*Asks:* 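The structure is given below, and queries will be raised subsequently.
Counting begins at 1 with the first residue of the sequence. Everything numeric here is computed off the predicted structure, so don't read it as measured data. Each ligand, and each atom within it, is numbered from 1 in the order the structure gives.
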Amino acid sequence: MTDCQEGEGAKTPMELYERLSVQGDKVRSLKTAKAEKAEIDSAIQLLLKLKTDYKQVTGQDYKAGCPPSENMNVSDNGPAADGTGDEDSVDPWNVSTTNAKGVDYDKLIVRFGSTKIEKDLVDRIEKVSGQKPHRFLRRGIFFSHRDMHQVLDAYEKNKSFYLYTGRGPSSEAMHVGHLIPFIFTKWLQDVFDIPLVIQMTDDEKYLWKDLTLEECHRFTLENAKDIIACGFDVNKTFIFSDLEYMGASPEFYRNVVKIQKHVTFNQVKGIFGFTDSDCIGKICFPAIQAAPSFSNSFPQIFGGRKDVQCLIPCAIDQDPYFRMTRDVAPRIGYPKPALLHSTFFPALQGAQTKMSASDVNSSIFLTDTPKQIKNKVINKHAFSGGKDTVEEHRKYGGNPEVDVSFMYLTFFLEDDEQLEKIRQDYSSGAILTGELKKILIETLQPMIAQHQERRKQVNEEIVKQFMTPRPLNFNL
Ligand code: TRP
């Protein structure tokens, strides 16, 4: 097993915690039973050793009754552990770094305790699915995972799984970055032929933003059209608004309550940085994002089965929710969801931050015209890794690693060889920044135009079909 965080012999905080609880009980019962002193002493020795290990792994003292939650209390916003102060900041609401290349994802893997997607996993996905891996996998855009090997092991033994992803509908306008998880999820749905649930967290956006409930729900319906336009199969996909489905499904709400009972205020404070002045809606919300990870939240799809494995493709900033979910799962008798994490889609201004729907110039919107794509966005705003003058550029070459146009091409240009040639030519100075931008414009314009064409076909009736609780078509 390559998932070293949770593999055989590896000691995760949770495993250590469980062993400590067992050992603590053992010491107590030996004492009660007035066992031999030597026996009690050796049990205590082991207990102390486990406590030392626990402190080493979690940085905290063991407290009976206070589970550690597999790395879930890593604070993503604290100062750098090494005191240099240059740590990236990544949480569900904020992403920032001082590095022009973007967030250091290798460090993030260590900090979050997930596992890097190595070539062997990509090869395995190819073998098991029988399809060429998606370019997001070939290029490390989906770069980290939890338990993906287990999902594939089971799939090879004819045990299927389902997909869960989501979107926080904070405005009508979606940009290309928002599509990354959906484009990839659509590919997964196709190659594995499996059901998918998509959560629209209009409740979350109401709680976090200055928006009315009506606005948030309207954004759900509008964003659903863009999501559907990615090509999901209506017979295998259920899209739901929290504001509608939470009230309509007792099974869903029961899971929310179960999760709420197993997470303390202290834990969510540690994971999400909530403070005493945050409204209580925020404090409970993580349980609502966790609930779709459990198949019995959807009885109309899974007929009450609680053991169908869930796989969640998402951007890495959503991981805190699922660290919490994975910690709770075994304690309420459910399988832990597996995860595939993507990097962030960089803002046009540079990879220091992810794009924002509220800054028109930071992104390419799904409603942009070819002209807007060309003028407004690419030519004026895209951060370039090129040199100041043509002479210098020809002499020293450009730097694709910090060049936003090149980064965008890695997301959207399908042809690997063409991409590699562009990389080499740009680095050597053979092609100029303007030429690179032209290639990007020519890649994006048809892509966005096709999206707009498909979105036009999605009427209210189709949205309603996707959003109606109903059985889906698949074999588990
Ligand atoms: N919280 C996410 C957002 O703000 C939406 C979301 C809900 C989600 N469930 C998810 C994203 C599962 C990825 C996977 O966009």
Side-chain angles (χ1 to χ4, degrees), residues 76 90-95 112 114 136 141-142 144-146 161-186 188-189 195-209 211 216-217 219-220 222-224 226-227 230 232 237-246 252 255-256 259 268 271-274 281-295 297-298 310-326 329 336-345 354-358 363:
D76 306 331
V90 175
D91 66 36
W93 306 283
N94 250 308
V95 177
F112 283 9
S114 61
F136 293 169
I141 288 167
F142 273 78
S144 151
H145 76 105
R146 296 183 189 273
F161 59 99
Y162 74 101
L163 296 164
Y164 158 41
T165 190
R167 155 135 187 96
S170 53
S171 88
E172 214 159 310
M174 284 177 68
H175 54 60
V176 280
H178 290 138
L179 289 190
I180 304 302
F182 294 106
I183 293 171
F184 188 61
T185 302
K186 145 94 177 128
L188 289 170
Q189 176 176 63
L196 159 68
V197 296
I198 302 178
Q199 179 179 44
M200 305 298 290
T201 53
D202 30 23
D203 51 350
E204 176 191 19
K205 293 301 150 185
Y206 171 70
L207 291 165
W208 261 270
K209 306 249 167 185
L211 295 166
C216 294
H217 190 246
F219 296 155
T220 283
E222 284 307 307
N223 290 181
D226 283 298
I227 293 171
C230 291
F232 293 107
T237 308
F238 175 48
I239 304 180
F240 63 99
S241 139
D242 282 346
L243 292 176
E244 288 172 29
Y245 190 65
M246 269 280 279
F252 189 93
N255 275 341
V256 170
I259 298 157
V268 286
I271 307 165
F272 299 99
F274 297 143
K282 288 187 184 178
I283 293 152
C284 297
F285 174 75
I288 301 174
Q289 181 152 335
S293 316
F294 306 130
S295 58
S297 294
F298 306 98
C310 174
L311 171 66
I312 307 172
C314 62
I316 186 80
D317 60 341
Q318 298 299 307
D319 188 66
Y321 286 112
F322 303 118
R323 289 202 287 275
M324 184 197 88
T325 309
R326 286 168 53 86
K336 292 180 182 189
L339 286 132
L340 289 170
H341 298 122
S342 74
T343 61
F344 304 114
F345 193 74
K354 69 172 178 175
M355 302 206 299
S356 149
S358 42
S363 16

*Asks:* Please list, in number order, the atoms of ligand 1 under 4.0 Å from a heavy atom of Cys314.
*Replies:* 13 (C), 14 (C)
*Asks:* For the side chain of Ser342 and the backbone of Ile141, is there at least one donor-acceptor N/O pair under 3.5 Å apart?
*Replies:* no
*Asks:* Quick check: Tyr321 and ligand 1, any N/O pair under 3.5 Å apart?
*Replies:* no
*Asks:* Should we count CZ of Phe232 as having more than 12 external heavy atoms under 6.0 Å?
*Replies:* yes
*Asks:* Look at the aromatic rings of Phe136 and Phe142 and report parallel, tilted or perpendicular, splitting at 30° and 60°.
*Replies:* parallel
*Asks:* Can you check whether Ser171's main-chain N or O pairs, donor with acceptor, with Asn223's side chain at less than 3.5 Å?
*Replies:* yes
*Asks:* When you measure from the side chain of Arg167 to the backbone N and O of Thr201, does any donor-acceptor pair fall under 3.5 Å?
*Replies:* no
*Asks:* When you measure from the heavy atoms of Lys205 to every atom of ligand 1, does any distance fall below 4.0 Å?
*Replies:* yes
*Asks:* Once you restrict to heavy atoms under 4.0 Å, what part of Phe322 touches ligand 1? Side chain, backbone, both or neither.
*Replies:* side chain
*Asks:* Please test Thr220 against Ser241 for side chain to side chain donor-acceptor pair (under 3.5 Å), starting from the C-alpha separation and ending with a verdict.
*Replies:* CA-CA 7 Å; Thr220 283; Ser241 139; 4.9 Å; no
*Asks:* Indicate, as side chain, backbone, both or neither, the part of Thr201 found under 4.0 angstrom from ligand 1 when only non-hydrogen atoms are considered.
*Replies:* side chain
*Asks:* Which atoms form the tightest heavy-atom contact between His341 and Asp319, and what is the distance?
*Replies:* NE2-OD1, 2.7 Å
*Asks:* In the protein, what heavy atom is nearest to atom 2 (C) of ligand 1, and what distance, to one decimal place, separates them?
*Replies:* Gln318 OE1, 3.3 Å
*Asks:* Does Tyr164 reach the main-chain N or O of Gln199 with its side chain, forming a donor-acceptor pair under 3.5 Å?
*Replies:* no
*Asks:* Looking only at N/O atoms, are Tyr164 and ligand 1 under 3.5 Å apart anywhere?
*Replies:* yes
*Asks:* With heavy-atom distances below 4.0 Å as the criterion, list the atoms of ligand 1 near Ile312.
*Replies:* 14 (C)
*Asks:* Do the side chain of Asp202 and the main chain of Asp242 share a donor and acceptor less than 3.5 angstrom apart?
*Replies:* yes
*Asks:* For the 3.5 Å polar cut-off, considering only N or O atoms, please tell me whether Gly168 and ligand 1 meet it.
*Replies:* yes
*Asks:* Of all the non-hydrogen atoms in the protein, which one sits nearest to atom 4 (O) of ligand 1, and at what distance?
*Replies:* Glu204 OE1, 3.3 Å
*Asks:* Less than 3.5 Å between some nitrogen or oxygen of Gln289 and one of ligand 1, yes or no?
*Replies:* yes
*Asks:* Below 3.5 Å, N or O to N or O, backbone or side chain included: is there any such pair between Gln199 and ligand 1?
*Replies:* yes
*Asks:* Quick one: nearest non-hydrogen protein atom to atom 11 (C) of ligand 1, plus distance?
*Replies:* Gly166 O, 3.4 Å
